Protein chains: 4
Amino acid sequence: MSDRIQSPDARLERSRQAILDSTRELLAEGDVGSLTVESVAARSGVAKTTIYRRWRDKWELALDAVMIDWLPRFDDPVDVGDTREELITFIDSVVRSLAVPPQGPAMRGLISRIATEPDLGRAYLDRVIEPRREQLKPVIERGIARGDLRPDTDLRLLHELLLGPVFYRLLLSGPPLDRDLSAGVVDAVLGAFSPRGARSNPKRRARR
Amino acid sequence: MSDRIQSPDARLERSRQAILDSTRELLAEGDVGSLTVESVAARSGVAKTTIYRRWRDKWELALDAVMIDWLPRFDDPVDVGDTREELITFIDSVVRSLAVPPQGPAMRGLISRIATEPDLGRAYLDRVIEPRREQLKPVIERGIARGDLRPDTDLRLLHELLLGPVFYRLLLSGPPLDRDLSAGVVDAVLGAFSPRGARSNPKRRARR
Amino acid sequence: MSDRIQSPDARLERSRQAILDSTRELLAEGDVGSLTVESVAARSGVAKTTIYRRWRDKWELALDAVMIDWLPRFDDPVDVGDTREELITFIDSVVRSLAVPPQGPAMRGLISRIATEPDLGRAYLDRVIEPRREQLKPVIERGIARGDLRPDTDLRLLHELLLGPVFYRLLLSGPPLDRDLSAGVVDAVLGAFSPRGARSNPKRRARR
Amino acid sequence: MSDRIQSPDARLERSRQAILDSTRELLAEGDVGSLTVESVAARSGVAKTTIYRRWRDKWELALDAVMIDWLPRFDDPVDVGDTREELITFIDSVVRSLAVPPQGPAMRGLISRIATEPDLGRAYLDRVIEPRREQLKPVIERGIARGDLRPDTDLRLLHELLLGPVFYRLLLSGPPLDRDLSAGVVDAVLGAFSPRGARSNPKRRARR
DNA sequence: GACTAAGCGAGACGGTACGTCGCGTCTTAAA
DNA sequence: TTTAAGACGCGACGTACCGTCTCGCTTAGTC
């Protein structure tokens, strides 16, 4: 991804912003398929060369551009005294983010590249997934403390159980992305990791 | 998708098979990005035109080709007397399918098109998701009968809760795709939909 | 060119006519560029194979088709007692023929093939140019007898002097193709081949 | 036609020349039918795209290429004191040009397009026919001054009478294109446009 | 205050693959 | 045997974007 965040030269930052802005505008208008390095250059009044100087290709640019919109939306979860509520808030912020353009369509268009190119995959992991998992950690800890979750709750699996269905619906099984979905997956997760209940099957975690 | 013509002419079926075979070979060798209509034509000894006569573009062809490998793998779940086991078997068939090339890489490369083009999305829905959901239905019914699942279990949500995390790991959070994952998601689902336990929260399904 | 004029099988002749008719219709509608073997087959209700059985390619077919319209138009010149008039009539039949669709456009489209492929060139020579030259011969002979033309008048050159400007205008220097042109070239020819002096015809240059 | 950009960048002119050279080479080797944009690209070491950036299609390219050979050959007619001689020189420059490859074959192959596509027709008119007609004008004026031609001589018709037979022979009635032809058409024209009587030139024309 | 080098705009270019068109061949089944 | 029907191999088309590559021009920041 583009480094060189801070520059001695103001032009650097100015053209960088113009490029990212135009990219987001174009993503909002069409889908990733119609995003073209040339169209970005044209709209931002920047030379194609300048874009390639900073991003390897249009996919890196697009991912950068959408992450700018994404990241600020995900505030640290606050303690509201209710694990279920906190989890729903956590997951619903993603659901709401993806439910509105251009985030949903952009993600749909980018996902193959993220899943396919190690660089992009790692960027997404480092800049989105890991931070989000870290944000989730205190929620889980509070949940354990409250007795809502089992002490050995697996953070990674829980994270995937929360977000997987959201993306599955976004990508494959189709709309709607709404609060019902958020609540549904949270309840599933709570069921899975709650300390109570008959499900404490002794052979439960017998490996393959 | 390609209309499967019941043809009096064997050439039809022969060239169709040659195309699909070559496509799968190429998918197994590289990723979807390096799959080219021209390379398929070259390898299968078929004219490019013949490919375009049957498939709109390389994405439809690729999806057709991978589905040929997929579909037969998904047998109807058998009653083994254990809901958890049946669900794990169900989900693990997908996990194992995606864990080996070319299915996993192919899916990673195709997902954006499936998520983006209505035709492909519908094809995937009709030919993969819906049939699988139908296969899941008797498992659920048996689970309800056994008292393992609540009678009002939502088939669609359950299906998404099972498969979502698998695809999330395939596409975003990274490997491994293994039996632990299958077991983990099944336990989550069983927790979510089990009739017992404290989680039967009355305000549980309060809408947004 | 297609031989097999008479056939023991009536189907032969019937499909042959259907093909030629459709070809002429299509030529009248568009130009040669949009004449397609497939469109001919479609319109005439005949299989493409049947067309290729009789004509080497669409150019032979097209030439055959337009010649059907052409040839009957060129009647043997009648003796009207005036060489200039007879020549003008002779040349003007060509001018008028080419001035109306589809003959003009068809000729414009076919000319490169005629000029380029020996078979077509020969066919045109044998079936159009030579017969026309023969038709011209008695006119010349009468002209010589009347003292309007020199006895050593070169038939071939005269023929070319008459028709060349017509085709030049059709193909290169642009419209109009009209009676002025016919008269102009005839006067030139008469000038060229008249025994000296006699050609000073007072009404010679009465224009349109 | 290709806009001749006065470029600060030498690459422009270099690739332009490479393309035109290759085109002429290929035209000299085969006919227009075997001229292919792809073959031009291959031979000139230029990308197909670069060709299409400058010429609409292979026909415009071919016409441009042959005109480069043509135009410089047609010098302004010089006053030699003899109208007949000047006219023969004028017309014979065309005859000789067309008599040798690749000009003749190229013209045969291009003529349909020139006659058919307004853009090409206009280009030919503007860049070949009109300038040639202008070159002819002083010859005519001198001829009138000398009393060899009538004062109301129609330049356009005269031009067509001169060139028509040449092209007619090139395209339809077949070879040879030689000096006899040039002399023949010039004599015809002189006959047509001479002030009455004067044309009785004793040495006028011993035919072949 | 002029000098110099980095950053930039402009845009031509080689290249890959696309999806399309129409050709002429070939195979099959019905008439 | 001839035909209609139509799949097929093939070659070229013209297009879209890619990512690379000069070329000056601008514009700081340095001497």
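Predicted model only: the values in this text are computed from it and were never measured. Order of the sequence lines fixes the chain letters, A, B, ..., with proteins taken first and strands second; residue numbering starts at 1 for each chain.
- In this structure the side chain of Leu172(A) never reaches within 4.5 angstrom of the side chain of Val128(B), judged on heavy atoms.
- Rounded to whole Å, atom P of dC13(F) lies 10 Å from atom CH2 of Trp59(D).
- Here dA6(E) presents its P atom at 19 Å from CZ of Arg14(A), a figure rounded to the nearest Å.
- Note on Arg54(D): a side-chain N or O is less than 4.0 Å away from OP1 or OP2 of dC13(E).
- A heavy-atom distance below 4.5 Å is found between the side chains of Gln103(A) and Asp69(A).
- Note: Met67(B) CE to Leu110(B) CG = 9.5 Å, rounded to the nearest 0.5 Å.
- Here the side chain of Lys48(A) pairs no donor or acceptor atom with the backbone of Val37(A) at under 3.5 angstrom.
- Along DNA chain E, the nucleotide nearest Val46(D) and the nucleotide nearest Arg56(B) are compared for position; the residue whose nucleotide lies closer to the 5' end is Val46(D).
- Residue order along DNA chain E, read from the 5' end via each residue's closest nucleotide, puts Ala47(D) first among Ala47(D) and Leu35(B).
- If you take CZ of Arg16(A) and C1' of dG7(E), they are 16 Å apart, rounded to a whole angstrom.
- Rounded to whole angstrom, the span from the CZ atom of Arg43(C) across to the C1' atom of dA4(F) amounts to 19 Å.
- Residue Thr49(C) places a side-chain atom within donor-acceptor reach of the base of dA5(F), judged by atom type and a 3.5 Å distance cut-off alone.
- We find that CD1 of Ile19(A) is positioned 12 Å from C1' of dG9(E), with the value rounded to whole Å.
- Taking 4.0 angstrom as the limit, Ser15(B) places a side-chain polar atom (N or O) nearer than this to OP1 or OP2 of dC8(F).
- Nearest nucleotide to the side chain of Glu38(D), out of dA12(F), dA4(F), dC17(F): dA12(F).
- With hydrogens and angles ignored, a donor-acceptor pair closer than 3.5 Å exists between the side chain of Lys48(B) and the base of dG19(E).
- The closest side-chain heavy-atom distance from Met107(C) to Ile114(C) is below 4.5 Å.
- Place Tyr52(A) and Val37(D) on DNA chain F by their nearest nucleotides, and Val37(D) ends up nearer the 5' end.
- Annotation: of the two residues near DNA chain F, Thr36(D) and Ser44(B), the 5′-most nearest-nucleotide partner is Ser44(B).
- The interatomic distance linking Ile51(C) (CD1) with dT3(F) (C1') rounds to 13 Å, in whole Å.
- Comparing dC18(F), dT15(F), dG9(F) by their nearest atom to the side chain of Thr50(B) picks out dG9(F).
- Residue contacts for Arg53(A): at a heavy-atom cut-off of 4.0 Å it reaches a base atom on one of the strands shown.
- Trp55(A) places its CH2 atom 18 Å from the C1' atom of dC18(F), with the value rounded to the nearest Å.
- For Lys58(D) and dG14(F), the NZ to C1' distance is 13 Å, given to the nearest whole Å.
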